[in-house]
Amino acid sequence: MTVAAVVTLLAPVTWSPPGVDLETWRSALAEDVVDLLAPLPQIQPAIAAVEADLALAAKIAWPSTRIYPVGTPSIRAALRAAEADGHDRAVVVLADAPDLPAMLIGKLIRPLSSKTVAVAPSHSGGILAVAARLPVPEWLPDLDAEVGDVAAARRPSPDPSQVVSAPGWHRLRGPEDLRRLDLGLDGWDATRALLT
């Protein structure tokens, strides 16, 4: 039984560590997120990608991973793609959090039994992930992953209590974020290989 679609969103990446090619870095980050999500039980893993990123999506996808072409690399577009695929719940995760603990996906899905939207913040600002009951609520804005937060999702809701905050995690968007990585955690092999 599939509980939800969990979609890795291939959004633009604007920073890479010194000496690391930006596209190589972006590919490694996304590969690690996909590798984390694909084997999770009771979810349908997917990747949302604009046309220019479909080759990257195909390169990092597992056989079980669906690829959703989207017109824009936005959270709302990814949620709508999961809706079009027949799901009634979906989580969209930004593809620059390679060491994300798998348990945080469950903590995003769990509130949807009684709430409409759950937002996980990024520790360095912005949004890490959004979970929603589908169809996508008309009032849910197209949240900006770089500067948005739970308040931005809650503000237009006719019932703000239907939007909850989930536990957050860090994304890798600048040199200060590298200090947040836990070298003791298993996984994130592609990103780790570029840093060692």
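Bear in mind the structure is a predicted one, so any value in this text is a computation, not a measurement.
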- Task: For Thr14 and Arg173, test the side chains for any donor-to-acceptor distance below 3.5 angstrom and give the result as yes or no.
- Result: no

- Item | Residues clustered with Val7, ILVMFWY side-chain links under 4.5 angstrom | Leu9, Tyr68, Ile75, Leu79, Val92, Leu94, Val117, Val119, Ile127, Val130, Leu134, Val136, Trp139, Leu140, Leu143, Val150, Val163

- Message: Could you work out, with salt bridge (charged side-chain N to carboxylate O under 4.0 Å, His left out) as the rule, every residue matching Asp144, not counting sequence neighbours?
- Response: none

- May I ask whether Leu37 and Leu108 are part of the same hydrophobic cluster, defined by side-chain heavy atoms of I, L, V, M, F, W, Y residues being less than 4.5 angstrom apart, directly or through others? yes

- To the nearest 0.5 angstrom, please state how far the CG atom of Leu194 sits from the OG atom of Ser27. 9.0 Å

- Note on the structure: Interatomic distance, OG1@Thr2 vs CD@Gln42, rounded to 0.5 Å, equals 8.0 Å

- Message: Please tell me whether Asp35 and Trp62 have a donor and an acceptor in their side chains that are separated by less than 3.5 angstrom.
- Response: yes

- Message: Is it the case that the side chain of Gln162 and the backbone of Thr116 share a donor-acceptor pair, with hydrogens and angles ignored and the cut-off at 3.5 Å?
- Response: yes

- Query: Among all residues two or more places apart in sequence or in another chain, which pass the salt bridge (charged side-chain N to carboxylate O under 4.0 Å, His left out) test with Glu138?
  - Reply: Arg80

- Message: Is there a path of hydrophobic side-chain contacts, each under 4.5 Å between heavy atoms, that joins Leu36 and Val3?
- Response: yes

- Note on the structure: OG (Ser122) and CZ (Arg180) are apart, to the nearest 0.5 Å, by 7.0 Å

- Task: Sequence neighbours left out, what pairs pass salt bridge (Lys or Arg N to Asp or Glu O under 4.0 Å) with at least one residue falling in residues 106-115?
- Result: none

- Contact list for residues 126-137, test salt bridge (Lys or Arg N to Asp or Glu O under 4.0 Å), sequence neighbours left out: none

Can you give me every donor-acceptor pair (side chain of residues 95-105, partner residue at least two apart or in another chain, under 3.5 Å) with its distance?
| from | atom 1 | to | atom 2 | distance (Å) |
| --- | --- | --- | --- | --- |
| Asp96 | OD1 | Arg171 | NE | 2.7 |
| Asp96 | OD2 | Arg171 | NE | 3.3 |
| Asp96 | OD2 | Arg171 | NH2 | 3.0 |
| Asp99 | OD1 | Trp169 | NE1 | 3.1 |
| Asp99 | OD1 | His170 | NE2 | 3.0 |
| Asp99 | OD2 | His170 | NE2 | 2.9 |

- Determine, using the 4.5 Å side-chain heavy-atom cutoff (strictly less than), whether Ile60 and Val13 are members of one ILVMFWY cluster. no

- Do Val34 and Trp188 share a hydrophobic cluster, counting only Ile, Leu, Val, Met, Phe, Trp and Tyr and linking them when any side-chain heavy atoms are less than 4.5 Å apart? no

Side-chain donor-acceptor contacts of residues 49-56 below 3.5 Å, not counting sequence neighbours, with atom names and distances?
| from | atom 1 | to | atom 2 | distance (Å) |
| --- | --- | --- | --- | --- |
| Asp53 | OD1 | Arg26 | NH1 | 2.9 |
| Asp53 | OD2 | Arg26 | NH1 | 3.4 |
| Asp53 | OD2 | Arg26 | NH2 | 2.8 |

- Message: Could you measure the distance from the CG atom of Leu172 to the CH2 atom of Trp15? Nearest 0.5 Å is fine.
- Response: 7.0 Å

- Indicate yes or no for a side-chain donor-acceptor contact from Ser16 to the backbone of Val20 under 3.5 Å, with no hydrogens or angles considered. yes

- Task: Would you mind reporting whether Pro45 and Val6 have side-chain heavy atoms less than 4.5 Å apart?
- Result: no

- For Arg66, the salt bridge (charged side-chain N to carboxylate O under 4.0 Å, His left out) test, sequence neighbours excluded, returns Asp85

- Nearest heavy atoms of Leu112 and Ala118, plus distance in Å: CD2-N, 4.3 Å

- Item | Pro167 to Ala120 - nearest heavy-atom pair and separation | O-CB, 3.4 Å

- Query: Are Leu40 and Ile67 grouped together when hydrophobic residues (ILVMFWY) are joined by side-chain heavy atoms under 4.5 angstrom apart?
  - Reply: no

- Query: Which atoms form the tightest heavy-atom contact between Val164 and Pro111, and what is the distance?
  - Reply: CG2-CB, 3.8 Å

- Message: Applying salt bridge (charged side-chain N to carboxylate O under 4.0 Å, His left out), can you list everything that pairs with Glu31, at least two apart in sequence or on another chain?
- Response: none

- Among all residues two or more places apart in sequence or in another chain, which pass the side-chain contact (heavy atoms from CB on, under 4.5 Å) test with Asp21? Glu23, Thr24

- Pairs meeting criterion salt bridge (Lys or Arg N to Asp or Glu O under 4.0 Å) with involvement of residues 7-20, two or more places apart: none

- Item | Contact check, side chains of Ser165 and Pro121, non-hydrogen atoms, under 4.5 Å | yes

- Item | For Arg192 against Gly187, the heavy-atom pair lying closest together | NH2-O, 3.0 Å

- Query: Strictly by modelled atom types, are Ser161 and Asp159 linked by a side-chain donor-acceptor pair under 3.5 Å?
  - Reply: yes

- Looking only at heavy atoms, the pair that brings Ala152 and Pro156 closest together is O-CD, 3.3 Å

- Message: Give me the atom names and distance for the closest heavy-atom approach of His87 to Ala4.
- Response: ND1-C, 4.5 Å

- Message: Applying salt bridge (Lys or Arg N to Asp or Glu O under 4.0 Å) as the test, list every pair that has at least one member in residues 6-17; sequence neighbours left out.
- Response: none

- In this structure, OG1 of Thr72 is separated from CG of Asp142 (nearest 0.5 Å) by 7.0 Å

